[in-house]
There are 2 protein chains.
Amino acid sequence: MTLLDTVVMQGLDSHGVLTADDKTLLLSLELNARRVTAGEVLWQEVADVDLFCVVKEGWAYSYRNLGNGSMQILKIYLPGDIIGMRDFGFSRRLAGVAMINEGVICPFSYQQLFELFARSSSLAAGIIATTVRQQAMLTERLVYLGRYAAHERLAHFLYELYLRLKRINAVEENGFFMPLSQEQIGDALGLSAVHVSRTFSMLRDEGLVERDRQHVVLPDPQALARLVEFNDTYIDESLPPAFQNFLSLNRIA
Amino acid sequence: MTLLDTVVMQGLDSHGVLTADDKTLLLSLELNARRVTAGEVLWQEVADVDLFCVVKEGWAYSYRNLGNGSMQILKIYLPGDIIGMRDFGFSRRLAGVAMINEGVICPFSYQQLFELFARSSSLAAGIIATTVRQQAMLTERLVYLGRYAAHERLAHFLYELYLRLKRINAVEENGFFMPLSQEQIGDALGLSAVHVSRTFSMLRDEGLVERDRQHVVLPDPQALARLVEFNDTYIDESLPPAFQNFLSLNRIA
DNA sequence: CGCCAAGTTGAAACGCGTCAACCGTAGTGG
DNA sequence: CCACTACGGTTGACGCGTTTCAACTTGGCG
């Protein structure tokens, strides 16, 4: 998975907005590959903001450790995602990031990002739009934490993962690999690990979710989507036409 | 309150990053003032994304209406805030926005924003950083919704408002005007209106919050800050040095 | 004066957290 | 190869925080 494969960038590319130079520039963010182990901490909260990362393989998550001893997981990162843009414009990290399983990441610097912004307004717009989309996912979880019950939160969480994984061809016959422990899922959804277990059983009994260790199957994804009233614009949509027009014009100027 | 008064822009200005042209450009976003009534809906969910707004007077909020009949309030906007950047890069609104009390707003178009981006990378960076800061506040609420009890959520909410209002000189003797109903507060914090009432009583009994109708006093703001372990970097911080350096260099080039 | 929205208070129900015991599986070392 | 251990997951009992429903109060406003 490269950044060129993301919805936004593909959208820009298919409309001829990206030049060959743009593409090399974008790929230059992914030159520095590094293998990382399961559980490895990429950075802690309050660390200096020095770099960002593209995930090539494996899953990661951003988190906050709270004073009351619990943890809130903010976001799950999958291959192709950019990590760290949350901290763009801050001097200190607002959240820690750690790997869930082993994988490969490509770190790049503040400097590199600035250069990219300066050299291609199309890429700048694309990266900003990607960042906004990530935050839209966060907003969606905020809504679920505020106003929905455990089974709806879990169903929504799984369906969102399903959609994101499908986009990167990591779904086979409605099933996918999910390396998260139930404790981690609880930390993401604001639930206890015990209740996550019960909720899984509940969804299984209703025929909505099958699970065997780290393998999850959604026998009827549409039924799940209806249950959680899933609005997939925030996850699947490419840039709007007006946006692309502007970028095309700007490229010529 | 103008955009030039925001923490980020003031930071840029005081470091000499903003030119006179930049300032006129920024102020040009606020030429179109319009008076709006209490409760007026600026736009609905799923409406086309055509414009953004600067709030000059009054409070506004963004919200989602949910299938189960409840509402989740995402963010409270105060004078000087930009509304709508959440939808940047989408063709349809992800959330509705309405006024809480009467006020004045200044709408500006996608087009205007693009022009501003094209003509001043400093302003572009400033607006992006402002947007990222708004998202950081959302993230903070996500954490509170996930892992904290009602009294902590309310305390955090009030203290954040207190800090934001202080920045725009809307706090006198630790007290401020707050036009929100308890139902709206509940919709923001994921609580029922009834429980918000009980929680206010609780905080009052502990001497942390006094309230008379729409006037709130925090007798001991520091005590509140300790209770919620408030981390104010996400709200008060200006752009990091490295960022400003880049902008200064870029301006000359 | 009377109406209506907003806030308060009480009682009961319920969802979820917590604690604890137990189970299955994978990994480890003898 | 097989015990031993550690970890993640499951299940039950119980308590607590929050919701819900309902009755009542208060203040603002036509």
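Proteins get letters first, then strands, A, B, ... in listed order; numbering begins at 1 in each.
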**Prompt:** Using the C1' atoms of the five pairs at each end, what is the angle between the end axes of the helix from C:dC1-D:dG30 to C:dG30-D:dC1, to 10°?
**Reply:** 30°
**Asked** What parts of residues 209-218 of chain B reach DNA chain C, counting only heavy atoms under 4.0 Å away?
**Response** B:R211
**Message:** Taking any atom closer than 4.0 angstrom to a non-hydrogen atom of chain B, what span of DNA chain C does the protein reach, first nucleotide to last?
**Reply:** C:dG7 to C:dA11
**Request:** Shoot me the first and last contacting nucleotide of DNA chain D against chain A, ordered 5' to 3', at under 4.0 angstrom to non-hydrogen atoms.
**Result:** D:dG9 to D:dA13
**Asked** For residues 182-191 of chain B, which residue pairs qualify under salt bridge (Lys or Arg N to Asp or Glu O under 4.0 Å), counting only residues two or more places apart or in two chains?
**Response** A:R147-B:D187
**Asked** Does the ring centre of A:Y148 sit less than 6.0 Å away from the ring centre of A:H156?
**Response** no
Side-chain donor/acceptor pairs under 3.5 Å, residues 81-101 of chain A, sequence neighbours excluded:
residue: A:D81; atom: OD2; partner: A:L78; partner atom: N; Å: 2.8
residue: A:D81; atom: OD2; partner: A:R164; partner atom: NH2; Å: 2.7
residue: A:R86; atom: NH2; partner: A:S62; partner atom: OG; Å: 3.1
residue: A:R86; atom: NH2; partner: A:Y77; partner atom: OH; Å: 3.3
residue: A:D87; atom: OD1; partner: A:L94; partner atom: N; Å: 3.0
residue: A:D87; atom: OD2; partner: A:R93; partner atom: NH1; Å: 2.9
residue: A:S91; atom: OG; partner: B:E237; partner atom: OE1; Å: 3.3
residue: A:S91; atom: OG; partner: B:E237; partner atom: OE2; Å: 2.8
residue: A:R92; atom: NH1; partner: A:V46; partner atom: O; Å: 2.9
residue: A:R93; atom: NH2; partner: A:L51; partner atom: O; Å: 2.5
residue: A:N101; atom: OD1; partner: A:W59; partner atom: N; Å: 2.8

Please set out all donor-acceptor pairs under 3.5 angstrom arising from side-chain atoms of residues 213-228 of chain A, sequence neighbours excluded.
residue: A:D220; atom: OD1; partner: A:Q222; partner atom: N; Å: 3.3
residue: A:D220; atom: OD1; partner: A:A223; partner atom: N; Å: 3.3

**Item:** Non-neighbouring partners of B:Y63 that pass ring-ring contact (aromatic ring centres under 6.0 Å, His included), sequence neighbours left out
**Value:** B:Y61
**Asked** Which of residues 64-74 of chain B sit near DNA chain C, with a heavy atom under 4.0 Å from it?
**Response** none
**Prompt:** B:L142 pairs by side chain to side chain contact (heavy atoms under 4.5 Å, CB included) with which of A:K75, A:R64, A:R141?
**Reply:** A:R141
**Request:** Under the side-chain hydrogen bond (donor to acceptor under 3.5 Å, both in side chains) rule, collect the residues that match up with B:D5, sequence neighbours excluded.
**Result:** B:T2
**Of all pairs that satisfy salt bridge (Lys or Arg N to Asp or Glu O under 4.0 Å), the ones with a partner from residues 198-208 of chain B, not counting sequence neighbours** = none
**Item:** Nucleic acid contacts of residues 189-197 of chain A, taken as heavy-atom distances under 4.0 Å to DNA chain D
**Value:** A:V194, A:S197
